[in-house]
Amino acid sequence: MSIGPPLPPQPGQDRGHRRIHVLVVDDSAVVRQVVSMMLSREPGVTVETASDCRIALDKIGRRRPDAILLDLDLPGMDGLSFLRKIMAEDPIPVVICSALAQEGTDHALRAMEAGAVEIVAKPKIGVSGFLKESAVLLVDAIRGAAGARLRRPLRPPLPVTPRLNADAVLPPPQGHSSPIGADRIVAIGASTGGPEALQEVLTALPRDCPSLVIVQHMPEPFTEAFARRLGTLCVIEVREARTGDWLQPGLALIARGNRHLIVNRVGNRYQVEVVDGPLVSRHRPSVDVLFRSIARSAGSN
């Protein structure tokens, strides 16, 4: 059923905000209720719910959603099979919100490979409190997913928390350092759709390619498994970055989830540092922070 209209716009809110229709697919009545109430309070967002994939497919046939929030552990057809069916027949942006992501990263990696644009791992207990605390994360994920399929991007949502830039972690570079004789570095940043794109790029690289540093916006439990999986597919070495790792040709370092990745110059060599810090553009690791450090340490290299 449809969960009521959103609250009327308050003074200063954008009354022309493009509407987003979201389908929440979860067998938990608590999850459906909490998420529906939370999303319906967002300007321009309407919500429908389904307790299993059969009901979800019926509702999609009657009204195609702009985005789907999907659990993986569902009765009947499981969430991963449902995701693959949707992507094969009529791709709709899907955000995974599942406790299975806590049990092992394999579920999340397979979901990303199948086409999910974002993963939110929810706990097995205290789900209601977790969802309420993660309201900003879920709303951003839904809006980002809905925008991923549009030719014209959505107007930005009303800010809920401040968006910090790279200055929050590193000061702006004072000129660019380009040490003579130092190796070249390739820095890559990716967000929605990144895992598939990175696999395509990295598997095509030769063993003697320049060193690579990569930020993929991905939660903490998944980056190590993601790097390990890429390492099995590539001729180059791929691993999750650790403080003190030296960059060298034929090596790709993936930023650790929930930590920023910084490249420092030591003489004519480059060494990475994994650091804590605030969210930058609502991400940690942040592409902006990595690129800022590259500008400071390597310049034209």
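- Between Pro65 and Ile60 there is a side-chain heavy-atom pair separated by less than 4.5 Å.
- Arg207 places no side-chain N or O within 3.5 Å of a backbone atom of Cys209 that could act as its donor or acceptor partner.
- Listed here is the closest heavy atom pair of Ala241 and Leu261: CB-CD1, 3.7 Å.
- Proximity of a side-chain donor or acceptor of Thr243 to a complementary backbone N or O of Val274 within less than 3.5 Å is detected.
- Atom CG of residue Leu23 and atom CD1 of residue Ile92 lie 8.0 Å apart, to the nearest 0.5 angstrom.
- At a threshold of 4.5 Å between non-hydrogen side-chain atoms, the residues Val45 and Val139 do not count as touching.
- Heavy-atom minimum distance, Pro93 versus Asp66: CD-O, 3.5 Å.
- Asp183 has its side chain out of reach of Leu247: every pair of non-hydrogen atoms, C-beta onward, lies at least 4.5 Å apart.
- Asp26 and Ser28 get closest at one heavy-atom pair: OD1-N, 2.9 Å.
- Distance alone, capped at 3.5 Å, places no donor-acceptor pair between the Arg84 side chain and the Ala114 backbone.
- Ser297 and Asn264 share no side-chain donor-acceptor pair at under 3.5 Å.
- Between Arg62 and Asp58, at least one side-chain nitrogen of the basic residue sits less than 4.0 Å from a carboxylate oxygen of the acidic one, meeting the salt-bridge criterion.
- Across all non-hydrogen atoms, the minimal contact from Ser211 to Gln248 is CB-O, 3.1 Å.
- Residues Ile55 and Lys59 have side chains in contact (heavy-atom distance under 4.5 Å, counting atoms from C-beta outward).
- Arg284 places no side-chain N or O within 3.5 Å of a backbone atom of His260 that could act as its donor or acceptor partner.
- The closest side-chain heavy-atom distance from Leu70 to Phe82 is below 4.5 Å.
- Partner of Ser36 under the side chain to side chain contact (heavy atoms under 4.5 Å, CB included) criterion, chosen from Val22, Thr46, Thr49, Val31: Thr49.
- Separation of atoms CG (Leu69) and SG (Cys97) is listed at 5.0 Å; rounding is to 0.5 Å.
- Cluster membership check: Trp246 does not share its hydrophobic cluster with Ile185, using side-chain heavy-atom separations under 4.5 Å among Ile, Leu, Val, Met, Phe, Trp and Tyr.
- Surrounding CD of Glu196 are at most 12 heavy atoms belonging to other residues, nucleotides or ligands under 6.0 Å away.
- When each of Leu138, Ile96, Val95, Asp140 is tested with Glu118 by the rule side chain to side chain contact (heavy atoms under 4.5 Å, CB included), just one qualifies, namely Val95.
- Judged by distance alone, the side chain of Arg259 and the main-chain N or O of Gly277 form no donor-acceptor pair under 3.5 Å.
- Nearest heavy-atom pair across Leu230 and Val238 is CB-CG1, 3.9 Å.
- Between Val263 and Ser293 the shortest side-chain heavy-atom distance falls below 4.5 Å.
- Here the straight-line distance linking atom OG of Ser51 with atom CG of Leu74 works out to 9.0 Å at 0.5 Å rounding.
- Contact of the Arg239 side chain with the Asp245 side chain is registered, since non-hydrogen atoms from C-beta on lie closer than 4.5 Å.
- Taking every heavy atom of both residues into account, Pro195 and Met112 meet most closely at CG-SD, 3.8 Å.
- Not a single donor-acceptor pair under 3.5 Å links the side chain of Arg296 to the backbone N or O of Arg292.
- The structure places OG of Ser191 at 4.5 Å from NE2 of His283, a figure rounded to the nearest 0.5 Å.
- Two residues are said to be in side-chain contact when any heavy atoms from C-beta on lie closer than 4.5 Å; Lys85 and Leu57 meet this criterion.
- Within the model, atoms CZ of Arg32 and CD of Glu48 stand 13.0 Å from one another, a figure rounded to the nearest 0.5 Å.
- Both Val235 and Ile188 are assigned to one and the same hydrophobic cluster, defined by single-linkage of ILVMFWY side chains at heavy-atom distances under 4.5 Å.
- Considering OG1 of Thr223 and CZ of Arg228, their distance stands at 10.0 Å, rounded to 0.5 Å.
- Scored by the side chain to side chain contact (heavy atoms under 4.5 Å, CB included) test, Ala187 finds Val213, Leu290, Phe291, Ile294 as partners (sequence neighbours excluded).
- Between Ile214 and the choices Val287, Leu202, Val201, Val186, the side chain to side chain contact (heavy atoms under 4.5 Å, CB included) rule is met once, by Leu202.
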